Amino acid sequence: MTAVARLKQLIAQARRIVVFTGAGISTESGIADFRSPGGVWSRMKPIAFQDFLASTAHRNEAWRRTFSGAAGWTGAAPNAGHHAVARLVAGGKAEVVITQNVDGLHQASGIAEDRVIELHGNAGYAICLDCGARHELDDLREPFVEVGVIPACRVCCGIVKTATISFGQPLREDVLERARAASHACDLFLVLGSSLVVTPAAALPLIARQAGARLAIVNREPTDQDALADLVIHDEIGSVMPRAAPPATPRSAARRG
Ligand code: ZN
């Protein structure tokens, strides 16, 4: 049996899959991995959360990067890997997708927002750091371009920031707890495009394994947890997943359309 056929079998046998995605699934949509050579952080220093809070200059630089597209995800579209994951969710195989990515491509592939657990937040909108009110980037762009300032929160006058988790900024405990609970409850933990080095990515597959789930990993490079996995495939996600995920049912096709 080929590795892809084995993955297809594991998916067929599973009843409650958690899909865990990292930068590797989005590099296939042309989004450079932040950490890789040539990635965003090799060209410009990330702005730490404390610096963002401390000075207007840092905040303006962060927003300049957001609106100039310097961060690199502007205009990207979901690829065959994202669409295969969306089929798993639409077909009822996967309950949630846990992702390290901030590009919103799982939602763009048709997965409902409440089924995507974004560990590092989302770059597609902003939130107030004080009251949590959501602000749309389109509403912030004009004042920033014309006056050079991002307006304070319309609700509480707090500081508004893209809804991503920056260096030095704690992950949201409620989001982490959801990710842990889903990992504990699944029967197949499917890793797509993560090297599983950064916490909590490193911990979630272990939670799943300890609760009796199988572990499958599809990643270009070896990961820290290959030795623990039931199946490891070192290949492109967009090549593997369309063959391993079951074909769309009429119901899932209608949802996507
Ligand atoms: Zn506010």
Side-chain angles (χ1 to χ4, degrees), residues 1-28 33 35 81-82 84-102 105-106 111 114-121 165 170-246:
M1 184 182 287
T2 65
V4 174
R6 174 68 181 140
L7 180 58
K8 190 174 181 179
Q9 187 183 57
L10 286 176
I11 289 171
Q13 289 167 349
R15 298 177 57 184
R16 204 168 179 182
I17 302 172
V18 161
V19 181
F20 182 94
T21 65
I25 193 168
S26 290
T27 53
E28 295 176 25
D33 183 354
R35 295 171 186 82
H82 292 101
V85 172
R87 284 201 299 278
L88 291 179
V89 175
K93 276 283 181 187
E95 213 156 323
V96 293
V97 177
I98 303 172
T99 188
Q100 297 174 287
N101 301 332
V102 298
L105 291 183
H106 287 299
I111 300 176
D114 64 358
R115 288 181 182 265
V116 184
I117 302 175
E118 296 176 307
L119 296 174
H120 298 160
I165 303 293
L171 270 60
R172 279 177 47 182
E173 191 52 43
D174 58 327
V175 173
L176 266 178
E177 196 41 56
R178 256 193 96 196
R180 289 192 199 105
S183 303
H184 186 81
C186 73
D187 59 2
L188 173 63
F189 194 93
L190 174 56
V191 177
L192 303 176
S194 172
S195 51
L196 302 175
V197 173
V198 191
T199 329
L204 295 174
L206 298 178
I207 292 174
R209 285 285 290 161
Q210 280 162 11
R214 284 167 159 168
L215 173 62
I217 299 174
V218 183
N219 196 53
R220 287 280 304 270
E221 313 293 333
T223 80
D224 281 9
Q225 300 192 20
D226 284 5
L228 298 176
D230 297 278
L231 176 69
V232 179
I233 302 178
H234 293 150
D235 200 350
E236 301 278 343
I237 298 154
S239 156
V240 170
M241 283 304 293
R243 289 181 282 151

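Every value quoted in this text rests on a predicted model; they were computed, and no experiment measured them.
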Can you tell me how far [atom2] of [Y] sits from [atom1] of [X], rounded to the nearest 0.5 angstrom?
X      : Y      : atom1 : atom2 : answer
Asp230 : Leu7   : CG    : CG    : 11.0 Å
Glu177 : Arg172 : CD    : CZ    : 13.0 Å
Thr99  : Leu119 : OG1   : CG    : 7.5 Å
Lys8   : Ile11  : NZ    : CD1   : 9.5 Å
Leu204 : Leu176 : CG    : CG    : 7.5 Å
Leu192 : Ile237 : CG    : CD1   : 5.0 Å

Indicate yes or no for a side-chain donor-acceptor contact from [X] to the backbone of [Y] under 3.5 Å, with no hydrogens or angles considered.
X      : Y      : answer
Ser26  : Ala23  : no
Asp187 : Ala213 : no
Lys93  : Ile17  : no
Asn219 : Ser194 : yes

Can you name the one residue among [options] that meets side chain to side chain contact (heavy atoms under 4.5 Å, CB included) with [X]?
X      : options                : result
Leu196 : Leu206, Leu228, Val191 : Val191
Leu190 : Val97, Leu88, Leu215   : Leu88
His234 : Asp226, Val218, Ile217 : Asp226

Nearest non-hydrogen partners of [X] and [Y], listed with the distance:
X      : Y      : value
Ser183 : Ile98  : OG-CD1, 3.8 Å
Gly81  : Ile25  : C-CD1, 3.9 Å
Leu171 : Pro200 : CD2-CD, 3.6 Å
Glu28  : Gly238 : OE1-N, 2.7 Å
Ile165 : Pro170 : CD1-O, 3.8 Å
Ala201 : Gln100 : CB-NE2, 3.4 Å

Exercise. Answer yes when Glu95 and Arg115 have at least one side-chain N-carboxylate O distance shorter than 4.0 Å, and no when they do not.
Key: no
Quiz item: Does the distance from a Lys or Arg side-chain N to an Asp or Glu carboxylate O, for Arg178 and Glu118, drop under 4.0 Å?
Solution: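 So Arg178 does not pair with Glu118 through a salt bridge.
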Quiz item: Side chains of Gln225 and Arg209: is there a donor and an acceptor less than 3.5 Å apart?
Solution: no
Quiz item: Quick one: are Arg220 and Asp235 in side-chain contact, heavy atoms under 4.5 Å?
Solution: no
Quiz item: Can you find a pair of side-chain heavy atoms, one from Thr21 and one from His82, that are under 4.5 Å apart?
Solution: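 A side-chain contact under 4.5 Å is absent here.
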